[in-house]
Each structure stands twice: as structure tokens, then as C-alpha cells.
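Below is one structure, written out as C-alpha cells, with a few remarks after it.
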Amino acid sequence: MRIAVVAVGLAGLTAVLAPLQLLAMRFQWPLARRLPFLWHRVAARLCGMRVHVRGQAESGRPLLIAANHQSWADIVALGSVMPLSFIAKSEVGTWPVFSVLARLQRTVFVTRGERRQTGRQAASIAERLRTGDVMVLFAEGTTSDGNRVLPFKTALFGAAQAALRGAGQDRVLIQPVAVAYTQAHGLPLGFHGRPLAAWPGHVALMPHLLAFLRCGAVDVEVSFGDPVEFSEGSDRKIVARRCEAGVRVMLEASLYGRRPQESIAKHGDGT
């Protein structure tokens with residue numbers, strides 16, 4: 001019964017907002033950034049996600065968010081916090097239903113593992129950054145089990161470099177963000193309970209989605225770290241490592257209560 005209510009609610013919400021979003025995208029209205037934010041706010045409530053925010057989103061632009069990734073639910077959680085768009089693997093653009101939602105979200109699709117396309121893809125992301133869009137990079141390149149942060153891939157951090165070129169920018173801000181699933185029905189999920197939210201690639205999507213929706217009361221912490229300034233002389237590998245370290249500290253703080261005295265990811269390029 002609960003799953004049917006959620007499905008009908010999401011379908012109705014999408015039916016109402018999608019035509020307006022298509023018009024906003026067609027005519028490049030600022031509303032195109034706000035409508036997905038509204039969709040995610042309502043969708044989070046319908047899905048039973050209680051999103052708690054720690055820290056503050058950076059107000060400066062251009063801004064690239066480097067986040068950990070566990071599940072499709074990350075998109076709803078992050079999208080309910082602020083207006084933003086996502087960088088997703090090209091396969092998402094072929095998934096039924098999810099591909100439509102991703103396009104309405106103004107997602108940038110990238111093909112991983114093809115170096116000849118990396119420059120073009122980075123330029124596309126950079127153009128969005130230059131026009132003021134906040135872009136989310138799931139920097140691990142895959143989904144984790146929710147208990148740890150996987151090594152960050154550095155290739156698409158090149159979008160920050162591309163944004164500097166041709167736009168007269170002296171720096172791009174990269175903000176580390178951690179998403180942590182902490183409780184279900186008020187009880188700690190724990191190490192073995194995290195798969196309720198985490199969706200590793202070998203798990204079928206629909207059973208996982210239905211189990212999550214059936215639960216109906218999941219607490220999510222979204223933690224914002226201190227942004228890293230990426231300048232022309234910055235080393236993207238060093239910046240990626242600093243963002244990874246910052247996300248790891250924040251994830252452990254959310255999962256295990258280890259609140260750091262001082263954030264690892266400080267302003268500067270880490271050199």
C-alpha cells in the first residue's frame with residue numbers, strides 16, 4: 001500500500017512539473033534550476049527520507065561539488081538541499097523512467113573510460129559551471145557500500161580547469177560533501193544495515209528501490225565541508241585527494257560520531 005501511494009504521488013508530481021520544466025529548459029528560464037529542487041524536496045518526503053544538513057553550502061561560484069556515492073537515493077537527498085545538477089555515467093541516460101527524470105534535472109551524461117571524449121565532456125561541464133549551475137560530481141566513479149569512501153577519480157576534476165580557461169576566472173570552488181544514511185525508524189542502521197540505502201552495482205535496482213520505499217523512514221545526513229580553491233596552478237590530483245579526505249572525515253563523523261575538531265579540506269589548492 002505504501003509503495004503504491006509513493007508511486008502515485010511521484011507520478012502526479014512529475015506530471016505537474018515536467019511540462020513547465022521542459023518550457024523552462026527550452027527558453028533557458030532561471031526556473032529550470034528551481035523546479036528540480038522543488039521536485040526533490042517533495043520526493044524526499046514522499047519516500048520517507050529525513051534529510052539533516054551539517055555545515056553550509058558555499059555561496060560562491062563557479063562551484064563543483066565532489067560527493068561520495070552509495071545509491072540513487074543520494075540524488076534525492078542532495079537535490080532536496082539546494083538547486084543543483086548532476087554529472088552521471090552515460091548508461092543512466094538509457095534507463096527507463098530514471099533517464100527521463102535525469103534529463104529533466106538537466107544532468108550532464110559522461111562516458112567513462114574513453115579518453116578522447118574526456119576533454120569534450122569536461123568542456124560541457126565547465127560551460128554549466130560558468131553559467132552559474134552547481135554541478136555534483138560523484139567522484140568515486142561508482143557506488144560504495146555506504147560504510148566507506150572509495151578513492152576519488154581525478155579525470156573529471158579537469159572540468160574545473162576547463163572552467164578557468166576561456167571565462168576569465170581566477171579560481172573555481174570545489175566543495176567536498178558527504179552523504180550518510182544513519183537511521184531507519186529512529187534506530188541506527190549499523191554496518192550491516194547500510195545496504196538498505198546503499199546500492200552496489202551487483203544488486204538489482206527494483207528490489208532495492210522497493211525495499212527502501214517500503215521502509216518509509218530513513219535519516220540521511222548531508223555534510224558540507226570547506227571548499228577548496230582550484231586555481232590555474234593547482235594540481236587536480238592533489239585537490240581530488242584533499243576532497244576525498246574531507247569527505248571521509250565527514251562520513252565517519254556522521255556514521256560513528258567522530259566529529260573532527262577541524263575540517264581537513266581547507267581553503268587552498270593543497271599544495
Side-chain angles (χ1 to χ4, degrees), residues 1-26 29-53 57 65 67 69-89 91-109 133-134 136 138 143 146 177 179-187 189 193-200 203-222 254:
M1 179 62 179
R2 168 173 169 72
I3 292 175
V5 171
V6 173
V8 170
L10 291 176
L13 176 66
T14 304
V16 170
L17 295 183
L20 185 55
Q21 177 67 357
L22 289 171
L23 281 174
M25 292 167 62
R26 170 68 178 82
W29 297 338
L31 189 62
R33 293 175 181 163
R34 300 293 303 182
L35 285 177
F37 172 54
L38 173 60
W39 189 95
H40 285 298
R41 288 290 290 263
V42 177
R45 288 182 176 272
L46 287 172
C47 294
M49 296 172 62
R50 297 179 293 208
V51 182
H52 311 274
V53 178
I65 286 177
H69 191 26
Q70 300 144 85
S71 169
W72 55 269
D74 301 341
I75 295 170
V76 179
L78 289 168
S80 71
V81 171
M82 62 184 292
L84 40 73
S85 294
F86 295 89
I87 302 166
K89 60 184 180 181
E91 292 95 316
V92 176
T94 66
W95 294 354
V97 180
F98 285 89
S99 62
V100 175
L101 295 175
R103 294 180 196 282
L104 289 171
Q105 174 73 35
R106 301 167 65 236
T107 296
V108 174
F109 298 104
D133 286 330
V134 177
V136 177
F138 290 123
T143 51
V177 172
V179 181
Y181 297 88
T182 58
Q183 295 183 327
H185 293 285
L187 298 175
L189 281 171
R194 217 84 62 196
L196 172 68
W199 177 51
V203 176
L205 174 59
M206 287 309 298
H208 179 272
L209 174 61
L210 295 176
F212 186 96
L213 296 179
R214 195 176 292 116
C215 176
V218 178
D219 286 275
V220 189
E221 283 195 7
V222 176
S254 293

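Owing to the predicted nature of the structure, the values given are computational and were not obtained by experimental measurement.
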Would you be so kind as to tabulate the donor-acceptor pairs closer than 3.5 Å made by side chains of residues 95-104, with sequence neighbours excluded?
| from | atom 1 | to | atom 2 | distance (Å) |
| --- | --- | --- | --- | --- |
| W95 | NE1 | E91 | O | 3.3 |
| S99 | OG | W95 | O | 2.7 |
| R103 | NH2 | G93 | O | 3.1 |

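- Here the straight-line distance linking atom OG of S85 with atom CG of L78 works out to 12.0 Å at 0.5 Å rounding.
- With sequence neighbours excluded, the residues satisfying side chain to side chain contact (heavy atoms under 4.5 Å, CB included) with R2 are V6.
- Atom CG of L210 is separated from atom SG of C215 by 13.0 Å, given to the nearest 0.5 angstrom.
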Original post:
Could you walk me through whether V53 and M82 pass the side-chain contact (heavy atoms from CB on, under 4.5 Å) check?
Top reply: CA-CA 11 Å; V53 178; M82 62 184 292; over 6 Å; no
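- Scored by the salt bridge (Lys or Arg N to Asp or Glu O under 4.0 Å) test, R50 finds D219 as partners (sequence neighbours excluded).
- Residues that satisfy the side chain to side chain contact (heavy atoms under 4.5 Å, CB included) test with A43, not counting sequence neighbours, are L10, W39, V76.
- The two residues T14 and P19 make their nearest non-hydrogen contact at O-CD, 4.2 Å.
- Listed by first then second residue, pairs satisfying side chain to side chain donor-acceptor pair (under 3.5 Å) with a partner in residues 71-83 read H69-D74, W72-H208, D74-Y181, not counting sequence neighbours.
- When the side-chain hydrogen bond (donor to acceptor under 3.5 Å, both in side chains) test is applied to Q105, the partners found at least two apart in sequence or on another chain are H40.
- T182 and S254 get closest at one heavy-atom pair: CG2-O, 3.7 Å.
- A donor-acceptor pair under 3.5 Å links the side-chain atoms of Q21 to the main chain of A32, judged by distance alone.
- The distance from atom CG of L189 to atom CG of L196, rounded to the nearest 0.5 Å, is 6.0 Å.
- With sequence neighbours excluded, the residues satisfying side chain to side chain contact (heavy atoms under 4.5 Å, CB included) with V42 are L13, L38, L46.
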Subject >> Pair V92-T107, side-chain contact (heavy atoms from CB on, under 4.5 Å): steps then yes or no >> reply: CA-CA 10 Å; V92 176; T107 296; over 6 Å; no
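- Under the 4.5 Å side-chain criterion, counting only non-hydrogen atoms from C-beta, K89 is not in contact with F138.
- Taking each heavy atom of G79 and L84 in turn, the nearest pair found is CA-CD1, 4.0 Å.
- F109 is linked by a ring pair (Phe, Tyr, Trp, His ring centres under 6.0 Å) to nothing, counting only residues two or more places apart in sequence or in another chain.
- Taking both residues in full, the closest heavy atoms of P83 and R34 are given as CG-NH1, 3.4 Å, listed atom of the first, atom of the second, then distance.
- Qualifying side chain to side chain contact (heavy atoms under 4.5 Å, CB included) partners for A7, counting only residues two or more places apart in sequence or in other chains: none.
- In this structure, the salt bridge (Lys or Arg N to Asp or Glu O under 4.0 Å) partners of D133, at least two apart in sequence or on a different chain, are R33, R106, R128.
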